[in-house]
Protein chains: 2
Amino acid sequence: MEQRLSVKEQLARVREDAIVSAVNRLLARKGFEAMTVDDVAAEAGMAKGSLYKRFESKEALAAAAMTRVLEQALSRMEQQAARQGVAAVDQLRDVARWSMQALLAGEMPILPAQNSTLRSSLLADKTYLNRLNDVSEKLGEWIIEAQGRGDLDQRTPPEVVLWALLATACDPVVAVMKTTGQYNDEDIVEMRISTLFGGLSGAASR
Amino acid sequence: MEQRLSVKEQLARVREDAIVSAVNRLLARKGFEAMTVDDVAAEAGMAKGSLYKRFESKEALAAAAMTRVLEQALSRMEQQAARQGVAAVDQLRDVARWSMQALLAGEMPILPAQNSTLRSSLLADKTYLNRLNDVSEKLGEWIIEAQGRGDLDQRTPPEVVLWALLATACDPVVAVMKTTGQYNDEDIVEMRISTLFGGLSGAASR
DNA sequence: GTCTATATGTCGATAGAC
DNA sequence: GTCTATCGACATATAGAC
C-alpha cells in the first residue's frame, strides 16, 4: 500500500513537472497575458480539465513556474556556496550568468511589468514569497561581503545591487542580441555581465 | 474656407493628442495586454466609436503612443545637440536620464516582451520605424564619438551600447525602487545612471 | 466539451454646427 | 435643413473556469 501510494505520488510529480515545464516555456516565449490555458494543455500534452485538477487558476500555474525557477536558482547558489575560496563577487557573477543563460535558453518565465491579477496572486503565494526571500537573503549576504572587500561599489545600497542582479532575469537586451543572430549565447552573456559589473564607461572616465 | 478647415484640423489634433496621451498613461500603468479600448475611451473622455474613427485598431493606438515618445526623445536630443561643448557621453547620459524620468513619471509606454500582434503591428508601421531609426542614428553617432574619446568602453560593440541605453526606458529596477518609497525620483535616476555607466564593481575590481 | 465573461470592433441613432 | 462627427448599445470571438 505504501509502495503503491509512493508510485502514485511519483506519477503525480512527473505530471506536475510536465505542466510546470510547459508553463515555464510558454511564459518565457509569450509572457503571462499572451499565454492561454489551452496553450498550456497542448504543450503539456493533457486536457485542460487535468490542469484545473491540480492548479486552481492560470495565475497559480504561473506562480508554480516562477517558484520552481527560484528553487533552481537556490540549488545552484547552494552548490556555489559549498565551493571554497570563491570570492563573493564571483558567486554573484555566477548567479547572474546562470539566469541569463536560462533566459537565452527560453527557460526563464518573465513576469510582466505590473499585471494586476498575477501580481496580487504572487504576493499571496507564501511558497513563492519564501523562495524569493531565500534567494534574496543569500544574495544579500554575498553582496555585503563583496562590498566589504571593495569588489562591489560601496556607495550603492545593497538592495539596489540586489534588484539589479534580479533584473538580469528579464534583461531585454539579451533577447535583442539573440534575435539579431550576430552573437552566440556565450558572447551575449559575457557582454551583458561585463556591462553590468564594469559599466559602459571607458578608460578615460575611470 | 481655409480658415475653417484649419480650425477643424486644430480640433482634430487636440482630440488626437488627448487620445494618444491617454494611451500613453495607460500603457505605462498597465501595459498593452491589460489595457482595454474602453479604458482608453474613459481616460480620453470620449466614446469608443470616436477612437475607431481615427485609429483602426488597438495596436494602432499603441503604435501612435510609442511613436510620439520617440518624437519627444528626438526633440530633446536635437536640443542637446545644439548645445556647444558638451561631450557626447554626457549627451548620452542626458537621454538616459530623460527616459528614466519619463518612466518614473508614468509617461513611458512600456512595450511588452514579445507580444505577437503589437510587435508585428509596430514592425509594419513606417512612421514608428522611421522615428526609431532617427533616434538610433543620432545615439549611434554619439556612441562612436564617445568611444573614440575613451569615454565609453571601446570593447563593447556600439549596437550593444545602443540597446543598453534604449533599455533604460523599460528598466524594471526603477519601478521597484519607486514602489519601496525609500528613494525620491532624482536619487533613483542618479543611482541607475551611475550603475549603468560605472557598473556595480568597486575600487578593488577596477 | 461547455459555459460565461469580457474585449474588440461596428453601426445606426442623434445632436450640433454652419 | 443638411451634413458631419460623436455616442453607446450590440455583435462576435476568444479565453478562463469547471
Side-chain angles (χ1 to χ4, degrees), chain A residues 15-16 19-20 22-27 29-66 109 111-112 114-122 124-125, chain B residues 1-23 25-27 29-66 109 112-122 124-125:
Chain A
R15 240 181 138 66
E16 197 162 306
I19 297 171
V20 175
V23 172
N24 213 22
R25 283 191 297 275
L26 286 165
L27 283 179
R29 199 185 308 156
K30 0 170 70 174
F32 179 73
E33 307 280 349
M35 176 186 83
T36 71
V37 180
D38 283 308
D39 287 339
V40 179
E43 181 93 10
M46 62 187 74
K48 201 158 51 163
S50 308
L51 298 182
Y52 280 99
K53 177 112 181 165
R54 305 193 177 276
F55 297 93
E56 65 178 358
S57 67
K58 185 185 173 185
E59 283 77 18
L61 284 167
M66 313 234 6
L111 62 171
Q114 61 258 49
N115 175 273
S116 50
T117 67
L118 179 56
R119 228 187 141 66
S120 53
S121 180
L122 281 175
D125 186 324
Chain B
M1 193 63 167
E2 197 183 348
Q3 178 70 14
R4 193 179 143 202
L5 271 180
S6 173
V7 168
K8 259 177 103 173
E9 203 176 52
Q10 279 189 0
L11 283 176
R13 282 189 89 87
V14 168
R15 234 179 146 68
E16 198 163 305
D17 191 68
I19 297 171
V20 175
S21 295
V23 172
R25 282 189 299 273
L26 286 165
L27 283 179
R29 199 186 307 154
K30 358 168 79 173
F32 179 74
E33 306 280 351
M35 176 187 84
T36 72
V37 179
D38 283 308
D39 286 339
V40 178
E43 182 91 11
M46 63 187 73
K48 195 160 52 162
S50 307
L51 298 182
Y52 279 96
K53 177 104 184 170
R54 301 188 182 281
F55 297 93
E56 66 178 0
S57 67
K58 184 184 173 186
E59 282 77 17
L61 284 167
M66 313 234 6
Q114 60 259 51
N115 175 271
S116 51
T117 68
L118 179 56
R119 227 183 142 67
S120 53
S121 180
L122 281 175
D125 186 324

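FYI, side chains are in, hydrogens and waters are out, and symmetry mates aren't considered; it's all heavy atoms of this structure. Residue numbering restarts at 1 for every chain, and letters A, B, ... go by the order of the sequence lines.
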Interatomic distance where [atom1] belongs to [X] and [atom2] belongs to [N] [whole Å]:
| X | N | atom1 | atom2 | result |
| --- | --- | --- | --- | --- |
| B:Ile19 | D:dA5 | CD1 | P | 14 Å |
| B:Glu16 | D:dA5 | CD | P | 14 Å |
| B:Lys48 | C:dT10 | NZ | P | 11 Å |
| A:Glu56 | D:dC18 | CD | P | 8 Å |
| A:Phe32 | D:dG16 | CZ | P | 8 Å |
| B:Met35 | C:dT6 | CE | C1' | 16 Å |
| B:Arg54 | D:dC7 | CZ | P | 11 Å |
| A:Glu59 | D:dA15 | CD | C1' | 12 Å |

Is the closest side-chain heavy-atom distance between [X] and [Y] below 4.5 Å?
| X | Y | value |
| --- | --- | --- |
| B:Arg15 | B:Ser50 | yes |
| A:Lys30 | A:Asp39 | yes |
| B:Lys58 | B:Met35 | yes |

- Message: Determine whether a donor-acceptor pair (one donor, one acceptor, N or O, separation below 3.5 Å) exists between the side chain of B:Lys58 and the base of C:dG9.
- Response: no
- Query: At under 4.0 Å between heavy atoms, what does A:Lys53 touch on the DNA or RNA strands: base, sugar-phosphate, or nothing?
  - Reply: nothing
- Query: Closer than 4.0 Å, any side-chain N/O of B:Tyr52 to the OP1 or OP2 of C:dG9?
  - Reply: yes
- Message: It should be established whether B:Ser50 places a side-chain nitrogen or oxygen under 4.0 Å from OP1 or OP2 of nucleotide D:dC7.
- Response: yes
- Task: Using a strict 4.0 Å threshold on nitrogen-to-oxygen distance, state whether B:Arg29 and B:Glu43 make a salt bridge.
- Result: yes
